[in-house]
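Each remark here refers to the structure printed beneath this line.
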Amino acid sequence: MDFAFSAEDEAFRTEAAVWLRAHADPAVDRRAWERTLGAAGWIGLSWPGTGYGNRSATLTQQVAWAEEYARCGAPPRSGHIGENLLAPTLFACGTEEQKDRFLPPIAAGAELWCQGYSEPGAGSDLAAVRTMAVRDAHGGYRVTGQKIWTSLAHEADWCFVLARTEPGSRRHQGLSFLLVPMDQPGRIDVRPIRQLTGTSDFNEVFFDGAHARVEHVVGGEGQGWRVAMRLLGVERGVSTLAQQIGFARELERVVGVAVETGAAADPVLRDRLVRLWAELRTMRWNALRTLGGGGDAGASSVAKLLWAGWHQRLGEVAVAVRGAGAAVGPADWTPSAPYTLDPLQHLFLFSRADTIYGGSDQVQRTIIAERVLGLPREPKGVV
């Protein structure tokens, strides 16, 4: 493995840790937190160059920042979709005008983004999207259709939307990647989806003739599938090292509860906890190996399979150490209002989605089988 932290990296880590301890407040408004990060230059560390209001950092420094961010318990990010998904896609496929328009507000934490991909009839099968974008008399597009499971749509200023711009097209053909402003009352309706955890991070989004400008098509009309796949490669290839810091804290909490409740006396449960610890260490070394250039074309899919399954198993152990009390609902439970779960209940319920979002386990296995191992393509049903 050729991934190591230098003295300069450790100095950068110290700077990041000091800044985070001074500014991170878990109770801060998430949009205000993005502006604070942007003002200090902490957004866009991975971008090439510093021409958009960002600061530049090496790969190892990016890892150090992400680890310190997770370690100090900083607030959840609202701007990561723009910073880590859209921005790399614009660098790869966008025009200079698109980069000049959209990257500085992302770097400043001033504009937030959401991703308009999945639909009720096209979740993991992204090529089956039906949302349409039709050219209008003013030279732009009118977007009509429905997206679902849209993370942070209720906070977003913009949405990148995969839509059909060629009537009658099928599957991968005739798709375009459009940048659509969300502030269009009467034309865009965002409806939060209440989750098992009582929170609503995902949304349904209905487009009813929403306007998009022709110069905001990324990669050219009809090239949406190519651009979308480029973005998904970024999404699934993003370092999981910071995420693993959070996982380690959750594992520590589960172990602590196991000791408090006496569940740690059970040798079978102890074995499960030790396995989880060992698997988490293995995931870290695998992530470092991949970042150091030792990965292959299916590395990101392998990583997704590893951490999603691991986190679900951690959630299952979390309720096991709680015992029968884990099945008792919160005192403030009502059918139509948010409610409060304890951390281990929240972990268990939220982790059920890990093997679905960001590319389901089935999709990841298909990618590995067909694109890495060269196995025959899975037969498709007649549509």
Side-chain angles (χ1 to χ4, degrees), residues 81-82 85-103 105-106 111-153 156-191 203-235 359 363 380 382-383:
I81 294 176
L85 300 186
L86 179 66
T89 304
L90 290 180
F91 279 116
C93 307
T95 65
E96 291 303 316
E97 292 76 14
Q98 289 169 347
K99 288 183 277 188
D100 289 340
R101 164 59 185 88
F102 292 109
L103 294 178
I106 293 174
E111 289 184 349
L112 305 180
W113 286 79
C114 61
Q115 174 176 286
Y117 273 19
S118 295
E119 299 182 4
S124 296
D125 185 12
L126 190 58
V129 297
R130 297 182 180 180
T131 295
M132 295 293 300
V134 180
R135 293 292 289 267
D136 63 21
H138 304 288
Y141 294 91
R142 293 295 175 180
V143 182
T144 301
Q146 179 187 359
K147 299 294 182 177
I148 198 167
W149 310 121
T150 309
S151 300
L152 304 178
D157 304 293
W158 288 80
C159 181
F160 48 87
V161 178
L162 191 63
R164 295 201 174 275
T165 49
E166 181 181 328
S169 62
R170 292 170 56 85
R171 303 298 298 167
H172 312 88
Q173 306 301 316
L175 297 169
S176 294
F177 189 101
L178 300 98
L179 310 180
V180 181
M182 293 293 286
D183 186 14
Q184 300 190 50
R187 297 187 181 278
I188 298 181
D189 181 19
V190 178
R191 304 178 188 176
N203 304 266
E204 292 180 284
V205 182
F206 296 85
F207 298 93
D208 185 9
H211 179 68
R213 296 167 63 174
V214 67
E215 60 266 34
H216 292 168
V217 176
V218 179
E221 186 175 287
Q223 298 300 311
W225 184 256
R226 176 180 65 86
V227 178
M229 292 301 100
R230 174 65 177 78
L231 185 142
L232 286 177
V234 171
E235 179 181 18
V363 168
K380 304 296 182 183
V382 177
V383 179

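Every heavy atom of this structure was used, including side-chain atoms; hydrogens, water molecules and symmetry mates were not. Quantities reported herein were computed from a predicted structural model and do not represent experimental measurements.
Smallest separation of non-hydrogen atoms from Val161 and Phe207: CG2-CZ, 3.9 Å. Nearest heavy atoms, Ile188 versus Ala210: CG1-CB, 3.7 Å. Leu178 and Ala163 make their closest contact through CD1-CB, 3.9 Å (heavy atoms, listed as atom of the first residue, atom of the second, distance). When every heavy atom of Ala212 is checked against every heavy atom of Val180, the shortest pair comes out as CB-CG2, 4.0 Å. The shortest heavy-atom contact between Thr165 and Ser176 is OG1-OG, 2.7 Å. The minimum heavy-atom distance linking Leu103 with Ala87 is given by the pair CD2-CB, 3.6 Å.
Counting heavy atoms from C-beta on, the side chains of Arg142 and His211 come closer than 4.5 Å. Residues Thr144 and Thr131 are not in side-chain contact: their nearest non-hydrogen atoms beyond the backbone lie 4.5 Å or more apart. Using a 4.5 Å heavy-atom threshold, the side chains of Val129 and Leu175 count as touching. Counting heavy atoms from C-beta on, the side chains of Arg164 and Arg130 never come closer than 4.5 Å. Contact of the Val134 side chain with the Tyr141 side chain is not registered, since no non-hydrogen atoms from C-beta on lie closer than 4.5 Å. The closest side-chain heavy-atom distance from Pro181 to Gln184 is below 4.5 Å.
Stacking of Arg191 on the aromatic ring of Phe206 is recorded, both the 6.0 Å distance cut-off and the 45° axial limit being met.
Below 30°, between 30° and 60°, or above 60°: for His216 and Phe102 the angle between ring planes is above 60°, a perpendicular geometry.
Side chain of Gln223 to main chain of Gly220: no donor-acceptor pair is present (N/O by atom type, distance under 3.5 Å, no hydrogens or angles). In this structure, Asn203 contributes its side chain and Val205 its backbone to no donor-acceptor pair below 3.5 Å. Side chain of Glu119 to backbone of Gly145: no donor-acceptor contact under 3.5 angstrom is found. Formation of a donor-acceptor pair under 3.5 Å by the Thr95 side chain with backbone atoms of Gln98 is found in this model.
For Phe177, the ring pair (Phe, Tyr, Trp, His ring centres under 6.0 Å) partners at least two apart in sequence or on another chain are Phe160. Contacts of Trp149 classified as ring pair (Phe, Tyr, Trp, His ring centres under 6.0 Å), with partners at least two apart in sequence or in another chain: none. Not a single salt bridge (charged side-chain N to carboxylate O under 4.0 Å, His left out) links Asp100 to another residue, sequence neighbours left out. By the salt bridge (charged side-chain N to carboxylate O under 4.0 Å, His left out) test, Glu96 is found to be paired with Lys99, residues two or more places apart in sequence or in another chain being considered.
Distance check, rounded to the nearest 0.5 Å: NZ of Lys147 to SG of Cys114 gives 11.0 Å. Atoms CH2 and CG, on Trp113 and Leu179 in that order, are 4.5 Å from each other to the nearest 0.5 Å. One distance of note links OG of Ser151 with CD of Gln115; it measures 8.0 Å at 0.5 Å rounding. Of the inter-residue distances, the one linking Leu152 atom CG with Cys159 atom SG reads 11.0 Å to the nearest 0.5 angstrom. Rounding to the nearest 0.5 Å places CZ of Arg101 at 11.0 Å from CG of Leu90.
Contacts classified as salt bridge (Lys or Arg N to Asp or Glu O under 4.0 Å) and involving residues 215-224 (residues at least two apart or in different chains) are given here: Arg135-Glu221, Arg213-Glu215. Here salt bridge (Lys or Arg N to Asp or Glu O under 4.0 Å) pairs that include residues 203-212, with residues two or more places apart or in two chains, number zero.
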Inset, instruction - Could you check Thr89 against Val227 for side chain to side chain contact (heavy atoms under 4.5 Å, CB included), going step by step and ending with a plain yes or no? - result: CA-CA 7 Å; Thr89 304; Val227 178; 3.5 Å; yes
